[in-house]
Amino acid sequence: MKVPLADLHAQYLLLKTDIDAAIGEILSTSQYILGKAVANFERAFADAHGVKHCVAVGSGTEALHLPLWALGVGPGDAVATVPFTFIATLEAVSILGATPLLVDIEPGTYTMDPKKLDELLRSPRGKAIKAVMPVHLYGQTAQMGEISALARTNGVSVVEDACQAHLARYEGSYVGNHGAAAGFSFYPGKNLGAYGEAGGILTNDDALALKMRQLRDHGQVEKYKHAFWGYNYRMDGIQGAVLGAKLPKLREWTLRRQDVAQKYRAGLSGVGDLVMPAVGPGCEHVYHLFVVRTKRRAELQQFLSGREISTAVAYPIPLHLQDAYRHLGYAQGDFPESERASEEVLALPMFAELSDPQVAYVIDGVRAFFGA
Ligand SMILES: *Cc1c(COP(=O)(O)O)cnc(C)c1O
């Protein structure tokens, strides 16, 4: 048996008729940029999350940059976020000339530690913070109750990095409802994936939605009338068509991911030094990735690879130790939980089309490594 980390082709085969028809519609109407398919997807994605507006853009990176831009974050401002995330979270801040200020994660959930955020907000450097960007890492919401309360007290905005957390809920309410805006990625391997680059922003704020729509289209308020300069961050028609064809299945796919996660927990809890992902109070996990931790990560990864089971490390180097962010002035030891996680985490195969025999094969493989 062979188990990949994810399998995009299996999902295409399941929906081939719908997806081919949706792409065919774009080819026959020539609505290659924005257009009806994108507008329909925006409405459906917003509705699925119980949010008023969705603004479709060209990538998840753009979906994080645009709301910060629309909120007026710029040079001299700071944005609080975590070092244990994909680099795009920090780039969204840097590209505006603002400074990312980092907060360590909690060891069990891998999301922002609200106590550390509180300390940062109280520190002298914290005075420059304009926004907080918690990351719903691996598909689990961050502690949005405490984070939103701290943001409110300090008069700063919240922009959720929901790039890995489509349809996840915090205390029953979907991501996209816990701040000014939430950015999503539709990179092909995400829980909802396009067939190219794509992203989207959810917001309940009418004025912010309008501002982001204008910014994504060169600041146009009417054809060739530019109220301010923006940029080209528009979504392709074909991506809107593919996403629209897939969205009706997302709930079912999410339930299957959660089901696979339950099977992993049942088969692997207490095996060797393995630590299962913790789910925080009020949080829901949609398992973009199922990430375990062990001090024997490299050996385990190699052992599983020998059995044709693919795994991945997300992320092997926390961002404060990347050359790209050396200028922030952080050092080894500054974010011990992020550093320890980067050495110990391992993602097991996770996608909705995984079969029960494949899940059992992964569990057997991991157990065999630990002699369990
Ligand atoms: C994927 C991802 C992004 C960036 O999304 P792209 O669509 O690749 O630009 C940002 N943040 C996180 C946490 C991600 O996982």
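Computed from heavy atoms alone, side chains included, the values below leave out hydrogens, waters and symmetry copies. One-based numbering, in listed order, for ligands and for the atoms of each.
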Tell me, which protein residue and heavy-atom name are nearest atom 13 (C) of ligand 1, and how many Å apart are they?
D161 OD2, 3.4 Å
Which of the ligand 1 atoms, numbered from 1, are nearer than 4.0 Å to a heavy atom of T89
11 (N)
Between Q258 and E284: side-chain donor-acceptor atoms closer than 3.5 Å:
yes
Atom 2 (C) of ligand 1: which of H65, K190, Q164 has the nearest heavy atom?
K190
What is the ring orientation for F184 with H166, classed by angle as parallel under 30°, tilted 30 to 60°, or perpendicular over 60°?
tilted
Going by the atom numbers of ligand 1, which of them fall below 4.0 Å from some non-hydrogen atom of T85?
13 (C)
Using non-hydrogen atoms of the residue, decide whether H288 is closer than 4.0 angstrom to ligand 1.
no
Taking only non-hydrogen atoms of T61 and a 4.0 Å limit, the atoms of ligand 1 in range are 4 (C), 5 (O), 6 (P), 9 (O)
Measure from the ring center of Y231 to the ring center of H65 and say whether it is less than 6.0 Å.
no
Using a distance-only test with no angle check, is there a side-chain donor-acceptor pair under 3.5 angstrom linking Y12 and D20?
yes
Hey, is L64 touching ligand 1 through its side chain, its backbone, both or neither, going by heavy atoms under 4.0 Å?
side chain
Please confirm whether L137 comes within less than 3.5 Å of ligand 1 when only nitrogen or oxygen atoms on both sides are compared.
no
State the atoms of ligand 1, each with its element, that fall below the 4.0 Å cut-off from a heavy-atom position in S185.
1 (C), 5 (O), 6 (P), 7 (O)
Tell me whether the NZ or CZ atom of K36 lies within the 45° cone about the ring axis of F41 and under 6.0 Å from its centre.
no
Assess whether ring pair (Phe, Tyr, Trp, His ring centres under 6.0 Å) is satisfied between Y325 and H327, documenting all intermediate values.
CA-CA 5 Å; Y325 281 104; H327 63 278; 5.5 Å; yes
In short, A180 meets T203 closest at the heavy-atom pair O-OG1, 2.7 Å
Using a 4.0 Å cut-off to any heavy atom of S59, which atoms of ligand 1 qualify?
7 (O), 9 (O)
